[in-house]
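The first residue in the sequence is number 1, and the count goes up from there.
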Amino acid sequence: MTEQAMDWQELTNLTRGQPFVVERVRLTGSGIAIEGEFELPQLAQLNVEDQVFVTAFVRCHGSIKEMERIFGVSYPTIKSRLNRITQMLDFVETDPAPSRADIIDRLRRGEITAQQALSELEGRT
């Protein structure tokens, strides 16, 4: 039996925007299947139109002027949509500030001066 892969748009149409959980993942070519409860990545949880919008924004290298041209809408419309999408996505800190303990450990090891340690501690939020 051959299965036709379902794309995200078909899945979105089928679920009508209702939240869902993926329970089985099969690795293509190896026959290995993993079952459990898997949450979709944040971008996959956006509706199809918002996914297209985010993809266009990335392809435009974040140029709002180019987005205005592509979608034929004004700057405030693009900004408003970006703000709405931004509120649906969690921010992932890729370079978190060092913890107080990390700063003190580096100071003890002589990797930074007392002044650098103070500066880093004051810069933490």
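Between the side chains of Asp102 and Ser99, at least one donor-acceptor pair of N or O atoms lies under 3.5 Å. Under 3.5 Å, the side chains of Ser74 and Thr77 contain a donor-acceptor pair of N or O atoms.
The 12-atom threshold is not exceeded at CD of Glu39, counting heavy atoms of other residues, nucleotides or ligands nearer than 6.0 Å. Atom CZ of Arg84 has more than 12 heavy atoms from other residues, nucleotides or ligands within 6.0 Å.
Classification of Glu68 and Lys65 as a salt-bridged pair fails, no side-chain N sitting under 4.0 Å from a carboxylate O. Ion pairing of Glu120 with Arg106 is present here, as a side-chain N (NZ or NE/NH1/NH2) and a carboxylate O approach within less than 4.0 Å.
For the atom pair CD (Glu66) and NE2 (His61), the distance works out to 9.5 Å, reported to the nearest 0.5 Å.
With a 4.5 Å cut-off on side-chain heavy atoms, Leu118 and Thr113 do not count as touching. When side chains are defined from C-beta on, Arg100 counts as touching Leu121, because their heavy atoms get closer than 4.5 Å. In this structure the side chain of Phe57 never reaches within 4.5 angstrom of the side chain of Ile85, judged on heavy atoms. Using a 4.5 Å heavy-atom cutoff, the side chains of Gln51 and Leu43 are not in contact. In this structure, the side chains of Ile103 and Leu107 stay at 4.5 Å or more apart for every pair of heavy atoms. Put simply, the side chain of Phe38 does not reach to within 4.5 Å of the side chain of Glu23, judged on heavy atoms. The shortest distance between side-chain heavy atoms of Arg24 and Ile34 does not fall below 4.5 Å.
Val48 and Val73 fall into different hydrophobic clusters, where Ile, Leu, Val, Met, Phe, Trp and Tyr side chains are chained together by heavy-atom contacts under 4.5 Å. Hydrophobic clustering (side-chain heavy atoms under 4.5 Å, transitive across Ile, Leu, Val, Met, Phe, Trp, Tyr) keeps Val52 apart from Leu89.
Evaluated for a side-chain contact (heavy atoms from CB on, under 4.5 Å) with Phe53, the options Ile78, Asn47, Val58, Ile70 yield exactly one hit, Ile78.
Across every non-hydrogen atom of Asp50 and Leu46, the tightest pair is CB-CB, 4.0 Å.
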* CA sep, side-chain torsions, deciding dist, call: Asp90, Gln42, side chain to side chain contact (heavy atoms under 4.5 Å, CB included) -> CA-CA 8 Å; Asp90 294 328; Gln42 287 186 45; 3.3 Å; yes

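Between the side chain of Ser119 and the main chain of Gln115, no donor-acceptor pair closer than 3.5 Å is present.
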